[in-house]
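A note on names: the letters A, B, ... follow the listed sequences, proteins ahead of strands, and every chain is numbered from 1. Atom set for the values below is all heavy atoms of this structure, side chains included, hydrogens, waters and symmetry mates excluded.
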Amino acid sequence: MVPADRPRPRRQNQGKDEGIARSRRSRQKEMIDIQLLRTDIDAVAKRLATRGYTLDVAGFKALEEARRRIQTATEQLQAERNAVAREVGQAKAKKDEARAAALMRQGAEFGEKLKSMEAENTAVQEKLRQFVSLIPNLLHESVQIGSRPEDAVESRRWGEPRKFDFQPKDHVDIGAGLAGMDFDTAAKIAGARFVVLKGAVARLHRALAQFMLDVHTAEHGYTEVYTPYMVSGECADGVTSLAKFKGDLFKVEDRDLYLIPTSEYSVTNFVRDEIVPLEKLPLKFVCHSPCFRSEAGAAGKDTRGMIRNHQFDKVELVHVVHPAKSYEAHEQLTGHAEAILRKLGLPYRVVTLCTGDTGFSSAKTYDIEVWLPGQNAYREISSCSNFEAFQARRMQARFRNEKGKPELVHTLNGSGLAVGRTLIAIMENYQRADGGVDVPSVLLPYMGPLKAIVPPR
RNA sequence: GGAGAGGUGACGGAGCGGUUGAACGUGCCGGUCUCGAAAACCGGAAUACGCGCAAGCGUAUCGUGGGUUCGAAUCCCACCCUCUCCGCCA
């Protein structure tokens, strides 16, 4: 999957119970570069403030000071212990049993003291790690400072919203008219925020996913992948802060497994603990999968229809790139998502999220918003982010650079596109006065004989 | 689910509990030789963290976690993963 000549994958331990596995490696990981905090914490605090995040500078300094003290002391004691142990070996080699016995007695004295110091050291390191792992990524300097979604900066629009000579309906009414969208049955079997699709509408939904995969693989150079729909807690923590966003995910009972809220979770982790050869970069994957989200904080929001469901399909684009190329890749990836909308003839606009609205792991995010006549508004259909080295640092995803040294990669991803919302956009934008929906020409090859979806008579 | 085998560096593969960060081989980088190349020979090369202006020193890392011990890749326990056989199953 990753490089063909990759080393045999190292199996990481899986913490049995919930939470972040405490492997040595995960103990070291942090989200933003801890060196930056040590050397220039005030500048970091200032940049984080634009997100609305208050960095506890004093708290960090205290923790860091404690860490420095205990780590140095512990390592010193370990060095002494090692020296004594080595001497025992040498004494025994020389058959000097008396000296060996004396040294062994001396070595035994390290026992309890070392044990408690090591424990304290581990505890402080863990505390520090947790502190750092809750800090969001630093934003790219081009990102507009703001706190509300409306502060996003629009960078371009494509297409003209269609003028209707009748009153356009929203997807719920259209879907009902076509007998193709059934929220009642979905509610009966799973509760609110689910949908059952039927007949030609279900087929259109499938056609969209196929179409997107075909375009991205054939025209944009992506490798199609199929992945697990569940990931370990450790992997979830690689792409964002599990501690912080646990509530947004569905967790499998009694297991350290989470349903993916996007295939970014499974795909980006392909490179976890890997050192990718330079010549393999960039890696570009496209993955169609269902996505599961608890929508815990969205009570009362978008309750009508299938705008915001617990389960939806998405075709996801993931890039793993050389750090020098990530902003270039960000533009390309966003363009790939836009290409789908253009081929489908759906009007959209692209906005750059402001500092306060950009996701935890992202340095810069473009949202693509599609025009929905039923809502008379542009609504998000894709979110394209550059995470720089943030996720890579958490995952220990690296490449071998020009000098042969391992260095963190940059990761990016974006929806290309959310399939459910694309379905909605097509139904609303291609609706007819008679309640039918025309099939966009690029989808005709996927729809068999159907040129339009019409209400049953 | 039952029985067995096994997890060591880029790869293959050693490793009586004691200078083993790890033999040996391959591959890789540099050099000698050559008109050039191959071969041969010589040399180099892990990762992370800490302290230090630096040279450098130290600590940790042999699936993961814990235990025994002055000292663990080597012994003990638990877990994870891989492989083979049997059973069950989409």
Side-chain angles (χ1 to χ4, degrees), chain A residues 2-30 33-39 63-115 117-122 124-126 128-129 132 228-229 231-235 254-257 269 272-280 389 392-408:
Chain A
V2 191
D5 60 350
R6 80 202 284 221
R8 226 179 314 126
R10 286 284 164 60
R11 297 298 168 197
Q12 285 294 299
N13 67 314
Q14 310 274 298
K16 260 187 311 180
D17 44 32
E18 66 172 59
I20 303 151
R22 296 285 149 69
S23 70
R24 200 164 289 282
R25 212 174 284 231
S26 68
R27 214 179 289 135
Q28 286 166 1
K29 88 191 166 194
E30 70 264 353
D33 190 349
I34 197 166
Q35 300 294 358
L36 219 53
L37 288 174
R38 289 180 181 142
T39 56
L63 260 179
E64 173 63 7
E65 177 52 36
R67 187 228 96 222
R68 186 189 305 265
R69 215 173 334 108
I70 184 69
Q71 182 175 344
T72 308
T74 304
E75 290 185 353
Q76 169 128 24
L77 200 59
Q78 286 172 327
E80 289 174 32
R81 187 262 331 259
N82 290 348
V84 170
R86 208 167 1 223
E87 283 185 61
V88 173
Q90 285 165 350
K92 289 214 169 189
K94 289 183 204 149
K95 302 277 190 226
D96 187 346
E97 292 303 332
R99 179 169 159 71
L103 285 163
M104 279 162 69
R105 244 175 286 118
Q106 192 185 334
E109 286 167 21
F110 286 107
E112 285 311 308
K113 194 165 156 209
L114 227 189
K115 202 170 275 184
M117 278 182 88
E118 283 175 338
E120 194 186 339
N121 184 37
T122 306
V124 172
Q125 301 269 5
E126 177 59 18
L128 190 63
R129 190 198 68 77
V132 178
Y229 296 155
V231 298
S232 67
E234 194 178 11
C235 285
D254 297 330
R255 304 203 55 169
D256 180 38
L257 284 175
N269 274 291
R272 150 178 298 276
D273 287 331
E274 294 287 340
I275 298 177
V276 183
L278 180 63
E279 64 273 15
K280 296 282 183 187
R393 189 171 292 112
R394 291 175 157 253
M395 295 188 295
Q396 284 303 301
R398 298 175 292 174
F399 71 105
R400 212 167 274 289
N401 68 18
E402 293 77 355
K403 290 176 182 160
K405 288 293 171 195
E407 184 181 334
L408 296 171

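Among the atoms of the strands shown, none is found under 4.0 Å from any heavy atom of R105(A).
When each of E118(A) and K115(A) is assigned the nucleotide of RNA chain B with its nearest heavy atom, E118(A) is the one assigned upstream, toward the 5' end. Checking P406(A) against L103(A), the closest nucleotide of RNA chain B that is more toward the 5' end is the one next to P406(A).
Spacing between atom NZ of K280(A) and atom P of A10(B) amounts to 17 Å, rounded to whole angstrom units. We find that CG of D256(A) is positioned 15 Å from P of G65(B), with the value rounded to whole Å. When the P atom of C49(B) is taken as reference, atom CD of Q396(A) falls 8 Å away, rounded to whole Å. Taking atom CE of M395(A) as the reference point, atom P of U47(B) lies 20 Å away to the nearest angstrom. Rounded to an integer number of Å, the gap from Q106(A) CD to U69(B) P is 18 Å. To the nearest angstrom, C1' of G63(B) lies 13 Å from CD of E234(A).
Side-chain atoms of N269(A) come within 3.5 Å of backbone atoms of C235(A) as a donor-acceptor pair (strictly under, hydrogens ignored).
Distances shorter than 4.0 Å separate none of the side-chain N or O atoms of K405(A) from OP1 or OP2 on A46(B). One finds no side-chain N or O of R81(A) lying less than 4.0 angstrom from the OP1 or OP2 phosphate oxygen of U59(B). Between C79(B) and R255(A), no contact under 4.0 Å exists linking OP1 or OP2 to a side-chain N or O.
Rounded to whole Å, the separation between the P atoms of A39(B) and G12(B) comes to 23 Å. A distance of about 13 Å separates the P atoms of A10(B) and A23(B), rounded to the whole Å. Comparing U82(B) with U47(B), their P atoms are spaced 29 Å from each other, to the whole Å.
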Pairs under 3.5 angstrom, nitrogen or oxygen only, protein versus nucleotides 54-58 of chain B, please.
| residue | atom | partner | partner atom | Å |
| --- | --- | --- | --- | --- |
| G58(B) | N2 | E75(A) | OE1 | 3.2 |

What N/O pairs connect the protein and nucleotides 18-21 of chain B at under 3.5 Å? Give each pair on its own line.
| residue | atom | partner | partner atom | Å |
| --- | --- | --- | --- | --- |
| G18(B) | O6 | K92(A) | NZ | 3.2 |
| G18(B) | N2 | A85(A) | O | 2.9 |

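Each of E65(A), E120(A), Q125(A) was evaluated against I70(A); a single residue qualifies, E120(A), per the side-chain contact (heavy atoms from CB on, under 4.5 Å) test.
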Requested in this report: Can you run through RNA chain B from 5' to 3' and write each base as (, ), [, ], | or . depending on how it pairs? Watson-Crick or G-U wobble, both distances under 3.5 Å.
Outcome: ((((((((.[[[..)..(.....]]].(((((.......))))).((((((....)))))).[[[[[..)....]]]]])))))))....

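With sequence neighbours excluded, no residue forms a side chain to side chain contact (heavy atoms under 4.5 Å, CB included) with E109(A). Checked against salt bridge (charged side-chain N to carboxylate O under 4.0 Å, His left out), R68(A) has the following partners two or more places apart in sequence or in another chain: E64(A).
Among pairs with a residue in residues 78-92 of chain A, those fulfilling side-chain hydrogen bond (donor to acceptor under 3.5 Å, both in side chains) read Q78(A)-E118(A), E87(A)-R99(A), at least two apart in sequence or across chains.
Heavy atoms only, all atoms of each residue included: F399(A) and L408(A) are closest at CE2-O, 3.5 Å. Taking every heavy atom of both residues into account, S232(A) and L257(A) meet most closely at N-CD2, 4.0 Å. Across every non-hydrogen atom of D256(A) and E234(A), the tightest pair is OD2-N, 4.4 Å.
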